[in-house]
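I have placed the structure first, in the form of structure tokens, so that the comments after it can refer back to it.
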2 protein chains.
Amino acid sequence: MGIAATTAEAGGEALSERQQAVLDAVLALMVEQGGDLTVSDIARRAACSKETLYKWFGDRDGILTAPVRWQASKVRAGHYDSQHLDASALRQSLESFAANWLAVISSGTSVALNRVAIGQAASGTNDLGRIVLANGRFAIGERLKPLLEAGRAAGLLAFDDTEVAFRTFFGLVGRDVQIRLLLGDRLALSETEIAADAKRAAGQFLALYGNRASFEARLRLAPQDEGGLYRPPSS
Amino acid sequence: MGIAATTAEAGGEALSERQQAVLDAVLALMVEQGGDLTVSDIARRAACSKETLYKWFGDRDGILTAPVRWQASKVRAGHYDSQHLDASALRQSLESFAANWLAVISSGTSVALNRVAIGQAASGTNDLGRIVLANGRFAIGERLKPLLEAGRAAGLLAFDDTEVAFRTFFGLVGRDVQIRLLLGDRLALSETEIAADAKRAAGQFLALYGNRASFEARLRLAPQDEGGLYRPPSS
DNA sequence: TGGGAACCGTACCGTACGTTACGGTTCGGA
DNA sequence: TCCGAACCGTAACGTACGGTACGGTTCCCA
């Protein structure tokens, strides 16, 4: 930090092709080796000189934080359209959100980036923590809330506080996944597991916030494949 | 790690009074200054010599991990008795679990300890990650599951997989609290906020896993103070 | 009162690593 | 063809910090 960088990441303008390749190398190194990177390691891996690294990113902190900022800038995804929203489309969108989010937080790059940000948050001066939060937790919140409110407007959901509803959804989706991965627990989420988890989370969310009519319909159906819904004791 | 420590933390025997005081100092330093501690810092703060620190804990890694192990060893709490379990007692126990867990993860020491463990998990050799997980996430799981199963045995809860049910509870309680704190978000949870969150989480969990009779009773009541339950549109 | 163990505070050593400097190469434009 | 900018690889510098050594003080016990 400190001294302003010369070229990149200062105003947040576009990075050159080469610079992006370097950041990719840094990221790959973070993923496979952890946070204790030496600048020489990075230079060797990226096949560029240390002088260039310092010229581009200022100092070691800049070199390590650049990939975080860069990845964060790529998170932006398309908003979901809230037209023609019926119960099925709502459920589908919720599942899609959940699956997407699970895929993100369980990816190696996300884990590595969050570790770097947490390490930096520990060392007094924050920045990365705010950036990661803004582009993770809060970004998905701002993207999901319109869907929730559209669902409410369509009479499919019922809640007072959108923030509370979103945080519940967040908890139902993420559960213990992120903290376990951050702490080094092996936890390989396959494509199908993510899909199943997303389905369960969406179902539980709808059970909590769906309107009574649709919920009672689901009660009568008593589906077997979604956790958390009551079914009559089989005994 | 590496070379076995001489006195403390080797077999996990009791630490002397003085040693505990030193670990308290390390912990306090972690909380207020973050993870980038020098051994000299610690020695100055703990008012002891570096020589003693190395003698007791082996090397820098031992010095930093000792307080984590020590705190972890203190987490053990009494099991909840599952006798005389009715709906009210179950709800009370769930709320108690939730409030306790929220208080733990939002405490400064927990945040600092988790940051240290995450930083160490990033640097190849794990250990702390496993310890923190074993004494946090998994310990509470093992303590809560008997309660859940007792509730099921009493006909108050319905679920197939205890693990799935627990993870749902975990998600409903923690939501985004831990990751936000780890990333440096200011998020002061007051006593009353924790109590309210615990109540909401327990209510949502019971709405998902409670049996139909009690759930329908709560539907008719349409309580105002618990998030996530449907109430008829006031319009 | 003497002796030894434990420990504090400080000084010291060696090294790893952040940062800078420099010679050599590539490449695009006049 | 020449020039300069950008960059690579390597070497050099300075320092911070992990780890050790040592003299001085306290305290326990014979």
Side-chain angles (χ1 to χ4, degrees), chain A residues 1-10 13-26 29-30 33-67 116 119-120 122-125 127-128, chain B residues 1-10 13-26 29-30 33-67 116 119-120 122-125 127-128:
Chain A
M1 295 299 140
I3 314 301
T6 56
T7 322
E9 70 114 13
E13 330 83 17
L15 300 170
S16 78
E17 199 73 23
R18 176 79 181 119
Q19 286 170 332
Q20 294 188 14
V22 168
L23 294 189
D24 265 333
V26 180
L29 213 51
M30 281 179 180
Q33 183 179 340
D36 53 351
L37 305 181
T38 135
V39 177
S40 300
D41 285 341
I42 295 172
R44 194 176 320 117
R45 171 60 165 268
C48 72
S49 74
K50 291 203 278 182
E51 189 174 24
T52 302
L53 287 178
Y54 281 103
K55 182 177 173 187
W56 283 348
F57 306 112
D59 58 3
R60 179 174 186 274
D61 215 44
I63 298 170
L64 292 187
T65 60
V116 173
Q120 205 238 227
S123 312
T125 57
D127 255 354
L128 284 194
Chain B
M1 297 302 140
I3 315 301
T6 57
T7 322
E9 70 114 11
E13 331 83 14
L15 300 169
S16 76
E17 198 74 22
R18 175 79 181 120
Q19 286 171 332
Q20 294 189 12
V22 168
L23 294 190
D24 264 333
V26 181
L29 213 51
M30 282 178 179
Q33 183 180 338
D36 53 351
L37 304 181
T38 125
V39 177
S40 300
D41 284 342
I42 296 173
R44 195 176 319 116
R45 171 59 165 267
C48 72
S49 73
K50 289 207 285 180
E51 190 174 24
T52 301
L53 287 178
Y54 282 105
K55 182 177 173 187
W56 282 349
F57 306 111
D59 58 3
R60 178 173 187 275
D61 216 45
I63 299 171
L64 293 186
T65 60
V116 173
Q120 206 236 229
S123 312
T125 57
D127 255 354
L128 283 195

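For clarity, every value in this text was computed on a predicted model and none was experimentally measured. Throughout, a chain's letter reflects where its sequence line sits, starting with A, and its residues are numbered from 1. Computed from heavy atoms alone, side chains included, the values below leave out hydrogens, waters and symmetry copies.
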* **Residues which pass side chain to side chain donor-acceptor pair (under 3.5 Å) with A:Ser123, listed by chain and number, not counting sequence neighbours** => none
* **Set of residues satisfying side chain to side chain donor-acceptor pair (under 3.5 Å) with respect to A:Ser40, sequence neighbours excluded** => A:Lys50
* To do: Apply side chain to side chain donor-acceptor pair (under 3.5 Å) to A:Arg18 and list each qualifying residue two or more places apart in sequence or on a separate chain.
  => none
* Asked: So what does A:Ala47 touch, heavy atoms closer than 4.0 Å: a base, only the sugar-phosphate, or nothing?
  -> sugar-phosphate
* **Beyond-backbone contact of A:Val39 with A:Tyr54, side-chain heavy atoms, under 4.5 angstrom** => yes
* Rounded to the nearest angstrom, tell me the gap between atom CG in A:Leu37 and atom C1' in C:dC17. => 13 Å
* Gap between atoms CZ and P, on A:Phe57 and C:dT19 respectively (whole Å) -> 14 Å
Could you list all N or O pairs between the protein and nucleotides 20-22 of chain C that sit under 3.5 Å apart?
unit_1 : atom_1 : unit_2  : atom_2 : d
C:dC22 : N4     : A:Glu51 : OE1    : 2.4

* Structure fact -> In B:Ile63, B:Thr52, B:Val26, the residue satisfying side chain to side chain contact (heavy atoms under 4.5 Å, CB included) with B:Phe57 is B:Ile63
* d(CZ, A:Arg44; C1', C:dC17) in whole Å -> 12 Å
* Asked: Rounded to whole angstroms, how far apart are CZ on B:Arg60 and P on C:dG14?
  -> 22 Å
* To do: State which residues pass side chain to side chain donor-acceptor pair (under 3.5 Å) with B:Asp41; sequence neighbours excluded, sorted by chain then number.
  => B:Arg44
* Structure fact -> Residue pair A:Cys48/B:Ser40 against DNA chain D: nearer the 5' end by closest nucleotide is A:Cys48
* Segment of DNA chain D, first to last nucleotide, that comes within the 4.0 Å heavy-atom reach of chain B -> D:dG18 to D:dC22
* Structure fact -> In this structure, CG of A:Leu64 is separated from CG of A:Leu23 (nearest 0.5 Å) by 11.0 Å
* Closest heavy-atom contact between A:Arg60 and A:Leu37? -> NH2-O, 2.7 Å
* To do: Would you mind reading off the distance between B:Gln19 atom CD and C:dA6 atom C1', rounded to a whole angstrom?
  => 12 Å
* Could you state the CG-P distance from A:Asp36 to C:dA16, rounded to the nearest angstrom? -> 15 Å
* **Residue list, side chain to side chain contact (heavy atoms under 4.5 Å, CB included) with A:Glu51, at least two apart or on another chain** => A:Ser49
